[in-house]
Every structure is written in C-alpha cells, then in structure tokens.
Undergrad: 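Mind having a look at this structure? Questions to follow.
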Amino acid sequence: IIDIQRTPLLCLVTNRNRTSRRGLESVVRQAVEGGTNMIQFRDRDMQEADRLHVAVKLREITENKALFIVNGDVDLAKKVRADGIHFPEKHVFDADSEKLKKSFILGKSVHSLEMATKAASEGIDYLIVGTLFPSKSHPQGRSSGTKIIEDISRKVSVPLIGIGGISSQNCQKVIDSGASGVAVIGAISEADDPRLESQIILENISTI
C-alpha cells in the first residue's frame, strides 16, 4: 500500500506519556486520518500483555492505511502481523534476523555516516537519522542539524527519515537536505489536533 521508496514518509513514534492525557489509540487514529503513513510502536516500558493489547489495536487502526512498525520486538511484530520492525543502531544482524527480510520491512536508527553506510550494506529498507534538532526526548543530547542527512544521502540510496525536534515549521528543511520523510513524537501526539497537525506536516514535506 505504501511504497517507502517513493512516498514522502510521515512517521509517528508512539509515546503514551506524551499524548496530552489522551488515549494512545485515539491519537494514532487521528494521526492516520490526517495522513500519517507510518506508525512506529515504541513504548517499550509496558507490561508484555498490555503491549500486545495496544499493538493489536494499533494494527487494526493502521490496516491498509499506514505502515505499522514495531520497535525492536520481533515476537510481537510476528504476533500482530506488523509491516516492519525497527532496530537500534547497535543491533547486529545474524542468520535469524536475515530471515526477517522476507516478511518485514526493516529499519534502523543511525547517528553517523559510518553507521548509516554499514546499515545500508546490511540490506536495511530505511534509516531513521537523528537527532537533528533539540528535542524533548533527548534534552541533553547533541543535535546534528540537517547536515548529517545531506552527508548520508550522498552515500546511501535507502530512504532516510529525519528525527529529533521536528515540527511543521522545520520539516521542509529536512526534506530539502535529502530525506524521504520525517519522524515525530510530540509534534503530533501533543498537538491540540493531531489530525490537522499531520495534514500540515504532510503537506509541507510533500512539496518535493
């Protein structure tokens, strides 16, 4: 349904503690209605049963409308028939994870040109690159600006998704630097109207 090679990607990374006291499912539903076309279910601190319950709900919401990516949990991704699995930068692909390529879109977070090149050589389908701008998730972390996207896009042909402090105001810069999309948390999940905010960001990144 969604061709990650060709579509401007708008990814909402979930954080149930940053939904302005609304239910995570409600926020995700509104985001998808507004055009968010990739949902990455993170929330790794939940109890296993709760996590499965929420993942099933989010899979239902995203079915045929948005890619549903599970962060780091292969078993959960299999159980809920997710579209993909997202791995941290330090994940090492072994023979078992090689088999996943047949069934799932595989993504990885990277923070440097060196790691992006390595991940691309492993056959990863997309890369999330950051932290681009100062963000609430990593208030003490260093932000790299969009130059890292420029550098990586010159060397690597897989779709790049920028992350870190991205909003409707600066998302266009990320695309102009060579990214195929943006990933956000608070810009959508803490917005007064997640549906409208999704529409605005998508509009801004679709002018490529």
Undergrad: Whether the side chain of S189 engages the backbone of R18 through a donor-acceptor N/O pair (distance < 3.5 Å, no angle test) should be reported.
TA: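 Pair found, side chain donor or acceptor close to backbone of R18.
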
Undergrad: Mind listing the closest non-hydrogen atom pair of A119 and V110 along with its distance?
TA: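 Answer, listing the atom of A119 first, then V110: CB-CG1, 4.3 Å.
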
Undergrad: Between L113, T146, I148, which is the residue that forms a side-chain contact (heavy atoms from CB on, under 4.5 Å) with V129?
TA: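 Result for side-chain contact (heavy atoms from CB on, under 4.5 Å) with V129: I148.
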
Undergrad: Could you walk me through whether D83 and R59 satisfy the salt bridge (Lys or Arg N to Asp or Glu O under 4.0 Å) test, starting with their C-alpha distance in whole Å, then the side-chain angles of each, then the deciding distance to 0.1 Å, before giving a yes or no?
TA: CA-CA 9 Å; D83 297 300; R59 171 71 285 188; 3.1 Å; yes

Undergrad: Please answer whether the main-chain N or O of P8 pairs with a side-chain N or O of N37 as donor and acceptor at a distance below 3.5 Å.
TA: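 Flag set: sc N37 to bb P8 pair under 3.5 Å.
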
Undergrad: Determine yes or no for a side-chain-to-main-chain donor-acceptor pair under 3.5 angstrom, with R29 supplying the side chain and I61 the backbone.
TA: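 Flag not set: sc R29 to bb I61 has no pair under 3.5 Å.
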
Undergrad: Report the C-alpha distance between K118 and E122 in whole Å, list the side-chain angles of each, state the deciding distance to 0.1 Å, and finish with yes or no for salt bridge (Lys or Arg N to Asp or Glu O under 4.0 Å).
TA: CA-CA 7 Å; K118 184 172 183 293; E122 295 169 335; 3.3 Å; yes

Undergrad: Counting neighbours of CZ on R22 that are heavy atoms of other residues, nucleotides or ligands and sit closer than 6.0 Å, is the number greater than 12?
TA: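 Yes, enclosed.
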
Undergrad: I'd like to know if the side chain of T14 reaches the main chain of R42, judged simply by a donor and an acceptor atom lying under 3.5 Å from each other, with no hydrogens or angles considered.
TA: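 Yes, T14 side chain to R42 backbone: donor-acceptor pair under 3.5 Å.
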
Undergrad: Are there over 12 heavy-atom neighbours, none belonging to D45, within less than 6.0 Å of that residue's CG?
TA: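 Check passes, neighbour count above 12.
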
Undergrad: Could you go step by step and tell me if R81 and F68 meet the side-chain contact (heavy atoms from CB on, under 4.5 Å) rule?
TA: CA-CA 9 Å; R81 294 179 300 103; F68 184 53; over 6 Å; no

Undergrad: Answer yes or no: does atom CD of E114 have more than 12 heavy-atom neighbours from other residues, nucleotides or ligands under 6.0 Å?
TA: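 Open.
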
Undergrad: Once the angle between the rings of H86 and Y126 is folded into 0 to 90°, is it parallel (under 30°), tilted (30 to 60°) or perpendicular (over 60°)?
TA: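 Parallel, since the angle between the ring planes stays under 30°.
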
Undergrad: More than 12 heavy atoms of other residues, nucleotides or ligands under 6.0 Å from NZ of K155: yes or no?
TA: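 Counting neighbours around NZ of K155, 12 or fewer heavy atoms of other residues, nucleotides or ligands fall under 6.0 Å, so no.
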
Undergrad: Given 3.5 Å as the limit, does a donor-acceptor pair link the side chain of S153 with the main chain of G178, or not?
TA: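 No; zero donor-acceptor contacts below 3.5 Å.
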
Undergrad: Take the angle between the ring planes of H91 and F87 and call it parallel below 30°, perpendicular above 60°, tilted in between.
TA: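 Geometry flag for F87 against H91: parallel rings.
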
Undergrad: Taking it one step at a time, do K78 and V70 satisfy side-chain contact (heavy atoms from CB on, under 4.5 Å)?
TA: CA-CA 9 Å; K78 287 177 178 172; V70 168; over 6 Å; no

Undergrad: Apply side-chain contact (heavy atoms from CB on, under 4.5 Å) to the pair I152 and I149, showing each step before the final yes or no.
TA: CA-CA 5 Å; I152 294 172; I149 298 274; over 6 Å; no

Undergrad: Mind running side-chain hydrogen bond (donor to acceptor under 3.5 Å, both in side chains) on S168 and N204 for me, showing each step along the way?
TA: CA-CA 7 Å; S168 54; N204 289 350; 5.1 Å; no

Undergrad: Quick check on salt bridge (Lys or Arg N to Asp or Glu O under 4.0 Å): which of R51, K79, R44 does D73 satisfy it with?
TA: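 Testing D73 for a salt bridge (Lys or Arg N to Asp or Glu O under 4.0 Å) against R51, K79, R44 leaves exactly one candidate, R51.
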
